[in-house]
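Below is one structure, written out as structure tokens; the observations come after it.
Starting from 1, each residue takes its place in the sequence as its number. Below, all heavy atoms of this structure are taken into account, side chains as well, without hydrogens, waters or symmetry copies. These numbers were taken from a predicted model, which means no experiment stands behind them.
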Amino acid sequence: MQPDEGYLKSDDGVRLFYRKVGTGADTVIVPNGMYLIEDFKRLANGRTLVVYDPRNRGRSDTVDDPSKLARGILNDVDDLEAIRRQLSLERVALLGHSYVGLLVILYAMKYPDRITRIVQIGPMEPRPGKTYPAHLTANDTVVQQVFARLAELQKEPAAREPEEQCRKFWSVLGAIYVTNPADAARIDWGRCDLPNERNFMKYWMGSLMPSMKALNLAEGEFAKVTSPVLTIHGTKDRSAPYGGGREWALLLPNARLVTVEGGGHAPWIESPQVVFSAIETFLAGGWPDAAQRVERLDPNDGNA
């Protein structure tokens, strides 16, 4: 399948780079999905898959105007709506990995009638920064070792070219996202040839993370998400705690959780059959057999 790609514009004039794969009647939009495209292009069989770079990311425009970055993830909600509207899509399914798992829910809260179904994979917790019990958080020695090594890299003389420095950074960071060290090389998410991606941490720390921590979602906000939501979360996710995945499935009115035992932040690497068969079943209109309702945050308190 040859991809269709180009630029669309946000409502405030930022060009957003998108790629479309497949020609099926049903469309799945994956915000910030360029790094996922190779693994997830199988979803384009019989449907259309649209991935795009958010503002100030990837091949989308670099944004120098602070006023166009200040709203952080709320800008991303508006940009997702601009993408949907300009592609003339009435209703779409959404797939969000990591912090984009939060973004797609925020969009569904604002535009519930535009959504058919939502898939979250390793989503950031509903209330960013929340602390969960240790057995719902994979904060192990690997995390400590990786961040210690990254701190060492920061102290090294800036002799490397920016692209080389970025690749070195990701060669260390990749170990956090998988449970088998041998799989770390498969985390090729840095896109270090792109200046926006090399500079992402400044944007993350200065705009995106503060905007997410400021959300403070009220209980009634979750009830606005009327579409079915499938949350897929690995129990050994070091980046987004498994407790967050359970909490999403607990708070959203029509959500179920697929738990990937031993899965990391990219659970399709550890358990591709579990993850992709669950997504295919869900997008086809059903609940996968592995999807469970969550009745309580901590499964140790009783049957989940």
Side-chain angles (χ1 to χ4, degrees), residues 3-21 27-37 40 43 48-121 123-124 126 128 189 191 194-215 217 221 224-225 227 229:
D4 170 20
E5 60 184 40
Y7 288 91
L8 300 170
K9 277 193 176 182
S10 70
D11 292 340
D12 57 356
V14 177
R15 293 191 313 155
L16 306 169
F17 180 76
Y18 79 95
R19 179 172 294 162
K20 187 188 330 183
V21 183
T27 299
V28 182
I29 298 182
V30 189
N32 195 36
M34 291 296 177
Y35 70 96
L36 300 174
I37 189 66
F40 284 78
L43 299 181
T48 299
L49 187 68
V50 176
V51 301
Y52 71 92
D53 287 328
R55 65 176 58 204
N56 214 41
R57 299 292 310 273
R59 292 171 65 182
S60 290
D61 282 349
T62 300
V63 179
D64 297 318
D65 182 348
S67 70
K68 293 185 178 183
L69 297 177
R71 295 174 63 244
I73 198 167
L74 299 181
N75 283 328
D76 292 330
V77 171
D78 294 343
D79 293 348
L80 174 51
E81 171 60 6
I83 291 282
R84 182 206 62 79
R85 189 176 64 246
Q86 290 176 58
L87 291 176
S88 300
L89 300 170
E90 185 63 26
R91 300 178 75 226
V92 298
L94 298 177
L95 187 151
H97 173 239
S98 195
Y99 85 91
V100 180
L102 169 60
L103 163 61
V104 293
I105 297 298
L106 294 177
Y107 178 88
M109 290 174 176
K110 189 171 183 179
Y111 302 103
D113 294 338
R114 302 300 188 191
I115 304 300
T116 56
R117 297 189 154 236
I118 297 174
V119 179
Q120 298 176 299
I121 304 177
M124 174 179 280
W189 298 349
R191 305 174 71 198
L194 301 175
N196 276 345
E197 294 305 297
R198 295 197 297 268
N199 297 323
F200 172 62
M201 286 307 297
K202 179 180 179 182
Y203 176 41
W204 174 261
M205 297 301 295
S207 299
L208 280 177
M209 182 55 79
S211 71
M212 291 184 283
K213 286 189 173 182
L215 288 171
L217 296 173
E221 295 296 305
K224 296 177 180 179
V225 183
S227 56
V229 178

Look up atom OH in Tyr107 and atom CD1 in Ile83, then write down how far apart they are to the nearest 0.5 Å. 10.5 Å
Run the side-chain contact (heavy atoms from CB on, under 4.5 Å) test against Met201 and tell me which residues pass, sequence neighbours left out. Trp204, Met205
How long is the span from the CZ atom in Arg19 to the OH atom in Tyr52, to the nearest 0.5 Å? 15.5 Å
Taking side chain as C-beta onward, heavy atoms only, is Asn56 less than 4.5 Å from Thr62? yes
Student check: side-chain heavy atoms of Ile29 and Leu80 closer than 4.5 Å: yes
Find out whether Ile37 and Leu49 are in side-chain contact, i.e. whether some heavy atom of one side chain is under 4.5 Å from a heavy atom of the other. yes
Can you say whether the rings of Tyr35 and Trp189 are parallel (under 30°), tilted (30 to 60°) or perpendicular (over 60°)? tilted
Output, in order, the C-alpha distance, side-chain angles, deciding distance and verdict of side chain to side chain contact (heavy atoms under 4.5 Å, CB included) for Val77 and Glu81. CA-CA 7 Å; Val77 171; Glu81 171 60 6; over 6 Å; no
Which residue, Asn196, Asp78, Asp12, forms the side chain to side chain donor-acceptor pair (under 3.5 Å) with Arg55? Asp12
For residues Leu215 and Glu221, determine if any side-chain heavy atom of one lies less than 4.5 Å from a side-chain heavy atom of the other. no
When rounded to the nearest 0.5 angstrom, what is the spacing between CG in Asp79 and CG in Leu74? 11.0 Å
Side chain to side chain contact (heavy atoms under 4.5 Å, CB included) between Arg85 and Asp11: does it pass, once the steps are laid out? CA-CA 11 Å; Arg85 189 176 64 246; Asp11 292 340; 2.6 Å; yes
If you define the side chain from C-beta out and look only at heavy atoms, does anything of Pro31 sit under 4.5 Å from Val104? yes
Rounded to the nearest 0.5 angstrom, the CG-CD distance for Leu95 and Gln120 is 9.5 Å
Please report the shortest heavy-atom distance between Ala108 and Ile118, naming the atom on each side. CB-CD1, 3.5 Å
Looking at every non-hydrogen atom in both residues, tell me the closest pair between Ala82 and Ser10 and how far apart they are. CB-CA, 4.2 Å
Please list, chain by chain and in numerical order, all residues satisfying salt bridge (charged side-chain N to carboxylate O under 4.0 Å, His left out) with Arg57, sequence neighbours excluded. Glu197
Apply side chain to side chain contact (heavy atoms under 4.5 Å, CB included) to Tyr203 and Val63, showing your working. CA-CA 10 Å; Tyr203 176 41; Val63 179; over 6 Å; no
Verdict with supporting geometry, Val51 and Phe40, side chain to side chain contact (heavy atoms under 4.5 Å, CB included): CA-CA 10 Å; Val51 301; Phe40 284 78; over 6 Å; no
Please give me the minimum heavy-atom distance between Asp76 and Pro54, naming the atom from each residue. OD1-CB, 3.8 Å
Step by step, would you call Glu90 with Arg114 a salt bridge (Lys or Arg N to Asp or Glu O under 4.0 Å)? CA-CA 7 Å; Glu90 185 63 26; Arg114 302 300 188 191; 3.1 Å; yes
CE of Met212 to CE of Met124, rounded to nearest 0.5 Å, is 4.0 Å
Would you indicate whether the side-chain heavy atoms of Val92 and Leu87 approach each other to under 4.5 Å? no
Under the 3.5 angstrom rule, does the side chain of Arg84 hit a backbone N or O of Leu89 as a donor-acceptor pair? yes
Partners passing side-chain contact (heavy atoms from CB on, under 4.5 Å) against Arg15 (at least two apart in sequence or in another chain): Tyr7, Lys9, Asp61
Is any side-chain heavy atom of Ile105 less than 4.5 Å from a side-chain heavy atom of Met109? yes
Shortest non-hydrogen contact from Ser211 to Ile73? OG-N, 3.0 Å
Can you name the nearest heavy-atom pair linking Asp53 to Arg59, along with the distance? OD2-N, 2.7 Å
Taking all non-hydrogen atoms of both residues, which atom of Ser227 and which atom of Thr116 are closest, and how far apart? CB-O, 3.5 Å
Is the closest side-chain heavy-atom distance between Ile121 and Leu36 below 4.5 Å? no
